[in-house]
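In what follows, a structure is listed as structure tokens, so that the remarks can point back to it.
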Amino acid sequence: MVTFYIDPGTGSMLFTLLIGLVSAGVYGLRNLAVKMRFLASGGRAEKGASENQPYVIFAESKRYWNVFEAICDEFERREIPLSYLTASPDDPALEKTYKHVNCKFIGEGNKAFAHLNMLKANMVLATTPGLDVYQWKRSRDVDYYVHILHAISDASMYRMFGLDYYDAVLLTGNFQVQQIRELERLRNITEKDLEIVGLTYVDALKKRLEEAGPTPAHETTVLLAPSWGKSAIFSLYGGKIIDALLDAGYHVIVRPHPQSFDSEKELMDKLMTDYPASDKLEWNRDNDNFEVLRRSDVMISDFSGVIFDFALVFDKPVIYTEPAYDNAPYDACWLEEEPWTFRVLPTIGKQLSMDKLDNIGALVDECLHDTELQAGREQARNEAWQHQGEAAERIVDYLINKHEELATSNEQPEAEQADNPAA
């Protein structure tokens, strides 16, 4: 028996090609069916046959509901129809009781992308990068694709070409505009429409913090919030970092990345056995991280995006490990300037290294009393989180205004043709 091996990259390419061929075939058959119905009706268009959905949100995962919820709420408040399409069967959106927002599960993985590739809509909003690069292709029946950032971060830290084929990108700060414009210049591609709108989920986090009131009196608490993988804290330091924090006399909350319990199960099992919960140590796996962020005075992390939630929203210092970041697969490798994330980290916290581990107590105390770090957090907040508290309203305003602009531009050629029947 002859067997063939196809590497994952080639397999993905072939699958993408297959999806494209199937989509093109279905698109052609659908158009043929529409034309036949048109002829059968005596040349009268069926009501709604050519109508696109005006506004569509696509969520590739339920974890982006924290970005989209406020936007959906704003559409509902304005009584404007919106379609919310999700690839998660347990997306919290599906439990909402909206009147004007229709939330629908469209399948997981490639089934969802197959649906999107034949979508009929005027405006599509998504956090998903790689449009027209991977399985998700631009539909011929979608007028305008808008990407929205889902975190306070660099627009250049997506995998290569992640934003190139969007028509517009909604941003949180000016530095992201500069990054995208430089990538467009280097690649000689059409400039996208860029709009700074802020970020919905940090707006919601800030409001929740204000409503929660002052934090009750407590002993100095350190939140250890590592990511996962070979460059993450537990892979680098193991249990030594827990020992060092406990020896320094702090109350320690350990909140590993959820993926650690799947991808690093053996490591996590050992750590939880070696360091059982006590009055000085707690392990936290809550779905909602709000209370642990609120109760903690200092965070220790690596390259997790929660660093900026903690520093900019809760206004508390961070300790970070030396970034082990290979930018080769990312858009950042095209740019000479160091990513904003790595430039700003020294201004909002202190770096941890192996030689500082035995004296980590001094590092924590330094963070707690360094007034320059507070000034650095304020500067970073102003740079990266603009229009605080206004994101949802600004996003919906942008989508509505752009929709009207596109409608007007589409009407003009029709009007010109009507004025010139011989054209």
Under 3.5 Å: donor-acceptor pair, side chain of [X], backbone of [Y]:
| X | Y | result |
| --- | --- | --- |
| Asp141 | Lys120 | no |
| His147 | Ala168 | no |
| Ser263 | Ser260 | no |
| Arg159 | Asp331 | no |
| Glu184 | Lys192 | yes |

Looking at Tyr201 versus Trp385, is the centre-to-centre ring distance below 6.0 Å?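 Between Trp385 and Tyr201, which both carry aromatic rings, the centre distance is not below 6.0 Å.
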Less than 6.0 angstrom separating the ring centers of Phe58 and Trp136, yes or no?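 Close enough - the centres of the two rings lie under 6.0 Å apart.
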With rounding to the nearest 0.5 Å, note down the distance linking [atom1] in [X] to [atom2] in [Y].
| X | Y | atom1 | atom2 | result |
| --- | --- | --- | --- | --- |
| Thr128 | Glu60 | OG1 | CD | 3.5 Å |
| Leu125 | Ile71 | CG | CD1 | 5.5 Å |
| Ile152 | Glu383 | CD1 | CD | 11.5 Å |
| Leu312 | Leu205 | CG | CG | 11.0 Å |
| Ile148 | Tyr166 | CD1 | OH | 11.0 Å |
| Lys206 | Leu209 | NZ | CG | 9.5 Å |

Ignoring hydrogens, what is the shortest heavy-atom contact between [X] and [Y]? Give both atom names and the distance.
| X | Y | answer |
| --- | --- | --- |
| Gly229 | Ser235 | O-OG, 2.7 Å |
| Gln386 | Ile196 | OE1-CG2, 3.7 Å |
| Asn117 | Gln135 | ND2-O, 3.3 Å |
| Ala384 | Thr172 | O-OG1, 2.7 Å |
| Leu171 | Leu194 | CD1-CB, 4.1 Å |
| Leu94 | Phe105 | CD2-N, 3.9 Å |

Enclosure of [X] [atom1] (heavy-atom neighbours >12, cutoff 6.0 Å):
| X | atom1 | answer |
| --- | --- | --- |
| Glu372 | CD | no |
| Lys280 | NZ | yes |
| Glu210 | CD | yes |

For Asp297 and Lys316, run salt bridge (charged side-chain N to carboxylate O under 4.0 Å, His left out): C-alpha distance rounded to whole Å, both residues' side-chain angles, the deciding distance at 0.1 Å, then the answer. CA-CA 6 Å; Asp297 300 295; Lys316 298 175 182 178; 5.3 Å; no
Evaluate the salt bridge (charged side-chain N to carboxylate O under 4.0 Å, His left out) criterion for residues Asp288 and Arg208: first the C-alpha distance (whole Å), next the side-chain angles of each, then the deciding distance (0.1 Å), finally the verdict. CA-CA 12 Å; Asp288 184 358; Arg208 188 176 175 186; 2.5 Å; yes
Any heavy-atom pair between the side chains of [Y] and [X] that's under 4.5 Å?
| X | Y | result |
| --- | --- | --- |
| Pro256 | Met268 | yes |
| Gln53 | Asn122 | no |
| Thr408 | Glu405 | no |
| Tyr330 | Tyr158 | no |
| Leu149 | Gln176 | yes |
| Ile242 | Leu224 | yes |
| Leu335 | Gln179 | yes |
| Val146 | Val169 | no |

Give a yes-or-no answer on whether the side chains of [X] and [Y] include a donor-acceptor pair shorter than 3.5 Å.
| X | Y | answer |
| --- | --- | --- |
| Ser353 | Asp355 | yes |
| Asp154 | Thr341 | yes |
| Asp91 | Thr86 | yes |
| His150 | Asn66 | no |

Test side chain to side chain contact (heavy atoms under 4.5 Å, CB included) on Tyr275 and Val252; report intermediate values, then the result. CA-CA 11 Å; Tyr275 300 93; Val252 180; over 6 Å; no
Among Ile395, Thr200, Thr127, which one satisfies side chain to side chain contact (heavy atoms under 4.5 Å, CB included) with Phe68?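 That would be Thr127; it is the only one of Ile395, Thr200, Thr127 passing the side chain to side chain contact (heavy atoms under 4.5 Å, CB included) with Phe68.
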What residue among Leu281, Val222, Thr221 forms side chain to side chain contact (heavy atoms under 4.5 Å, CB included) with Tyr250?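 The single option meeting the side chain to side chain contact (heavy atoms under 4.5 Å, CB included) with Tyr250 is Val222.
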Closer than 4.0 angstrom, basic N to acidic O: yes or no for [X] and [Y]?
| X | Y | answer |
| --- | --- | --- |
| Asp370 | Lys350 | yes |
| Glu182 | Arg185 | yes |
| Lys270 | Asp274 | yes |
| Arg187 | Asp164 | yes |
| Arg294 | Glu291 | yes |
| Lys137 | Asp132 | no |

Name the residue from Asp193, Asp397, Asp143 that meets the salt bridge (Lys or Arg N to Asp or Glu O under 4.0 Å) definition with Lys402.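 Only one option passes, and that is Asp193.
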Please work out which of the three classes, parallel, tilted or perpendicular, describes the rings of [Y] and [X], given edges at 30° and 60°.
| X | Y | value |
| --- | --- | --- |
| Tyr55 | Phe75 | tilted |
| Phe161 | Trp334 | perpendicular |
| Phe314 | Phe290 | tilted |

Please step through salt bridge (charged side-chain N to carboxylate O under 4.0 Å, His left out) for the pair Arg138 and Asp167, ending with a clear verdict. CA-CA 11 Å; Arg138 290 181 65 107; Asp167 300 295; 3.1 Å; yes
Determine, stepwise, if the pair Asp73 / Lys96 fulfils salt bridge (charged side-chain N to carboxylate O under 4.0 Å, His left out). CA-CA 10 Å; Asp73 289 348; Lys96 298 281 284 191; 3.8 Å; yes
For Glu393, give me all partners under salt bridge (Lys or Arg N to Asp or Glu O under 4.0 Å), at least two apart in sequence or on another chain.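 Counting only residues at least two positions away or on another chain, Glu393 forms no salt bridge (Lys or Arg N to Asp or Glu O under 4.0 Å).
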For Asn284, all residues meeting side chain to side chain donor-acceptor pair (under 3.5 Å), sequence neighbours excluded: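 Partners of Asn284 under the side chain to side chain donor-acceptor pair (under 3.5 Å) test: Arg255, Asp286.
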As a quick check of understanding, evaluate side chain to side chain contact (heavy atoms under 4.5 Å, CB included) for Leu236 and Ile241, giving each step before the final call. CA-CA 10 Å; Leu236 295 175; Ile241 191 167; over 6 Å; no
